[in-house]
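Since we're looking at a predicted model, the values are computed, not measured. Position 1 is the first residue of the sequence, and the numbers go up from there.
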Amino acid sequence: MSDNAKWYVIHTYSGYENAVKTSIEKFVAGRNMEDMILRMEIPMETVKEVTDSGETKEVERKVFPGYLLIKMVMTDDTWHLVRNVRGVTGFVGTANKPIPLTEEEVLAMGMEKHEIIVNYNVGDHVKIVDGPLASFTGVVEEIDPEKNSVSVMVSMFGRETPVELELDQVEVLD
């Protein structure tokens with residue numbers, strides 16, 4: 001069942017996101033629906049704010065106030081469970097039909113990450129297989145899995161130029 005799970009957006013009263021998340025978690029545990037409602041997230045970001053005294057401090061704030069993201073299998077039971085939680089005004093979508101987020105939207109928000117297997121190391125000769133520099137070759141200078149990036153030194157117009165690419169845009173030369 002959990003293979004059919006998709007990400008949906010729940011609209012809540014502003015400031016009720018955490019309370020709604022806690023309530024849904026309790027209902028899910030009480031009704032043994034962990035295989036139907038898999039995950040909930042309140043997207044947060046860290047921003048720097050300047051206080052009245054001129055000091056800067058880092059604070060966490062909600063990226064989408066009034067919204068909660070939920071990964072679930074949409075059935076009548078799960079829809080009613082979520083819809084009837086206090087503080088929920090509804091799902092984002094049309095009338096009574098919630099619209100799931102696309103895979104691109106989920107990846108852009110950082111809710112899920114695709115696992116990319118990197119079969120090259122620093123110093124390896126690689127070929128660029130995607131993007132405007134496709135078919136160029138170069139040497140791997142740096143790999144940063146956290147940022148999903150690889151730095152490749154490419155020879156263009158007789159000069160060595162560092163190029164920043166995504167991990168899956170290059171492959172090892174045979």
**Item:** Distance (rounded to the nearest 0.5 Å) between Ser151 OG and Glu164 CD
**Value:** 5.0 Å
**Message:** Is it the case that the side chain of Thr75 and the backbone of Thr78 share a donor-acceptor pair, with hydrogens and angles ignored and the cut-off at 3.5 Å?
**Reply:** yes
Side chains of residues 49-63: which donor-acceptor pairs under 3.5 Å do they make with residues two or more places apart or in other chains?
from: Thr51; atom 1: OG1; to: Ser53; atom 2: OG; distance (Å): 3.1
from: Thr51; atom 1: OG1; to: Glu55; atom 2: N; distance (Å): 3.2
from: Thr51; atom 1: OG1; to: Glu55; atom 2: O; distance (Å): 3.2
from: Glu60; atom 1: OE2; to: Thr46; atom 2: OG1; distance (Å): 2.5
from: Arg61; atom 1: NE; to: Glu45; atom 2: OE2; distance (Å): 2.9
from: Arg61; atom 1: NH2; to: Glu45; atom 2: OE2; distance (Å): 3.1

**Prompt:** After noting the C-alpha distance and the side-chain angles of Met74 and Phe91, does the key distance pass the side chain to side chain contact (heavy atoms under 4.5 Å, CB included) rule?
**Reply:** CA-CA 11 Å; Met74 186 59 70; Phe91 282 94; 4.0 Å; yes
**Audit row: Met40, Leu69, side chain to side chain contact (heavy atoms under 4.5 Å, CB included) steps and yes/no** = CA-CA 6 Å; Met40 285 178 286; Leu69 301 173; over 6 Å; no
**Message:** Let me confirm one number: the CG-CD distance from Asn148 to Gln169, rounded to the nearest 0.5 Å.
**Reply:** 8.5 Å
**Request:** Give the minimum heavy-atom separation between Val20 and Arg86, together with the two atoms involved.
**Result:** CG2-O, 3.6 Å
**Request:** Mind listing the closest non-hydrogen atom pair of Glu34 and Ala29 along with its distance?
**Result:** OE2-CA, 3.5 Å
**Fill in**
Rounding to 0.5 Å, atoms NZ (Lys71) and CD (Glu41) come to a distance of 11.0 Å
**Request:** Using modelled atom types only, decide if a donor and an acceptor are shared between the side chain of Asp124 and the backbone of Asn121 within a distance under 3.5 Å.
**Result:** yes
**Prompt:** Taking the six-membered ring where the residue is Trp, are the ring centres of Tyr67 and His11 under 6.0 Å apart?
**Reply:** yes
**Prompt:** Are the side chain of Arg83 and the backbone N or O of Thr89 linked by a donor-acceptor pair below 3.5 Å?
**Reply:** yes
**Request:** Would you mind reporting whether Asp144 and Val150 have side-chain heavy atoms less than 4.5 Å apart?
**Result:** no
**Asp76 atom CG, neighbour heavy-atom count above 12 within 6.0 Å** = no
**Message:** With side chain to side chain contact (heavy atoms under 4.5 Å, CB included) as the criterion, how do Leu173 and Tyr120 come out once you've worked through the C-alpha distance, each side chain's angles and the decisive distance to 0.1 Å?
**Reply:** CA-CA 9 Å; Leu173 279 174; Tyr120 49 85; over 6 Å; no
**Asked** Does some side-chain heavy atom of Leu38 sit less than 4.5 Å from a side-chain heavy atom of Ile70?
**Response** no
**Message:** Can you tell me how far apart OG (Ser149) and CG (Leu165) are? Round to the nearest 0.5 Å.
**Reply:** 9.0 Å
**Complete:** Tightest non-hydrogen contact, residues Leu101 and Val9, listed as CD2-CG2, 3.8 Å
**Asked** How far apart are the closest heavy atoms of Glu17 and Pro65, and which atoms are they?
**Response** OE2-C, 3.4 Å
**Prompt:** Roughly how far, to the nearest 0.5 Å, is OG of Ser23 from CG of Asn84?
**Reply:** 12.0 Å
**Request:** State whether the side chain of Glu104 and the backbone N or O of Thr102 hold a donor-acceptor pair below 3.5 Å, judged by distance alone.
**Result:** no
**Message:** So does Gly66 get a backbone contact from the side chain of Ser14, meaning a donor-acceptor N/O pair under 3.5 Å?
**Reply:** no
**Output field: ring centroids Tyr13/Tyr16 closer than 6.0 Å** = yes
**Prompt:** Going by heavy atoms in the side chains, are Val85 and Thr12 under 4.5 Å from each other?
**Reply:** no
**Heavy-atom pair of closest approach, residues Met153 and Pro162** = SD-N, 3.5 Å
**Hphob cluster co-occupancy, Ile99 + Phe64, side-chain heavy atoms under 4.5 angstrom** = no
**Prompt:** Is there a side chain to side chain contact (heavy atoms under 4.5 Å, CB included) between Val172 and His125 once you walk through the steps?
**Reply:** CA-CA 6 Å; Val172 172; His125 288 275; over 6 Å; no
**Request:** Only counting residues at least two apart or in another chain, list the ones meeting side-chain contact (heavy atoms from CB on, under 4.5 Å) with Pro100.
**Result:** Lys6, Tyr8
**Message:** What's the separation between atom CG in Leu68 and atom CD1 in Ile42, rounded to the nearest 0.5 Å?
**Reply:** 5.5 Å
Anything under 3.5 Å between a donor and an acceptor, one on a side chain of residues 127-142, the other on a protein residue two or more places apart or in another chain? List them.
none

